[in-house]
A.B. asks: 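I'd like to ask you about the structure that follows.
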Amino acid sequence: MREITLDVAKKLIKGAERKARELGISEVIAITDEGGNLIVCHRIGEGPVASIDIGQNKA
C-alpha cells in the first residue's frame with residue numbers, strides 16, 4: 001500500500017470535495033495514516049460539527 005503523505009491526502013480531499021458538491025451534500029472528510037493518526041480533516045459546507053469526531057473515528 002502506498003504511504004499516505006500530506007500531498008496524497010490533499011488530492012484525496014479534492015476528489016471527495018468535488019463529489020460531495022456534485023451530490024449537493026455537506027460532508028466532513030477525514031484521512032488518517034495506517035496507524036489511525038489524523039493527516040487531514042476537511043469540513044465541507046455546513047457539515048455537522050459532530051461529524052468531525054465521527055469522521056476521524058471512521059477513518
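FYI, side chains are in, hydrogens and waters are out, and symmetry mates aren't considered; it's all heavy atoms of this structure.
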A.B. asks: List the atom pairs, with distances to 0.1 Å, where a side-chain N or O of residues 7-17 and a protein N or O form a donor-acceptor pair under 3.5 Å, not counting sequence neighbours.
C.D. replies:
unit_1 : atom_1 : unit_2 : atom_2 : d
E17    : OE1    : H42    : NE2    : 3.2
E17    : OE2    : R21    : NE     : 3.2
E17    : OE2    : R21    : NH2    : 2.6

A.B. asks: Taking L38 as the starting point, is it possible to reach L6 by hopping between hydrophobic residues whose side chains are less than 4.5 Å apart?
C.D. replies: no
A.B. asks: Taking side-chain contact (heavy atoms from CB on, under 4.5 Å) as the definition, give me every residue that meets it alongside K19, ordered by chain and number, with sequence neighbours left out.
C.D. replies: E22, L23
A.B. asks: Quick check for you: to the nearest 0.5 Å, what is the distance between D33 atom CG and I39 atom CD1?
C.D. replies: 5.0 Å
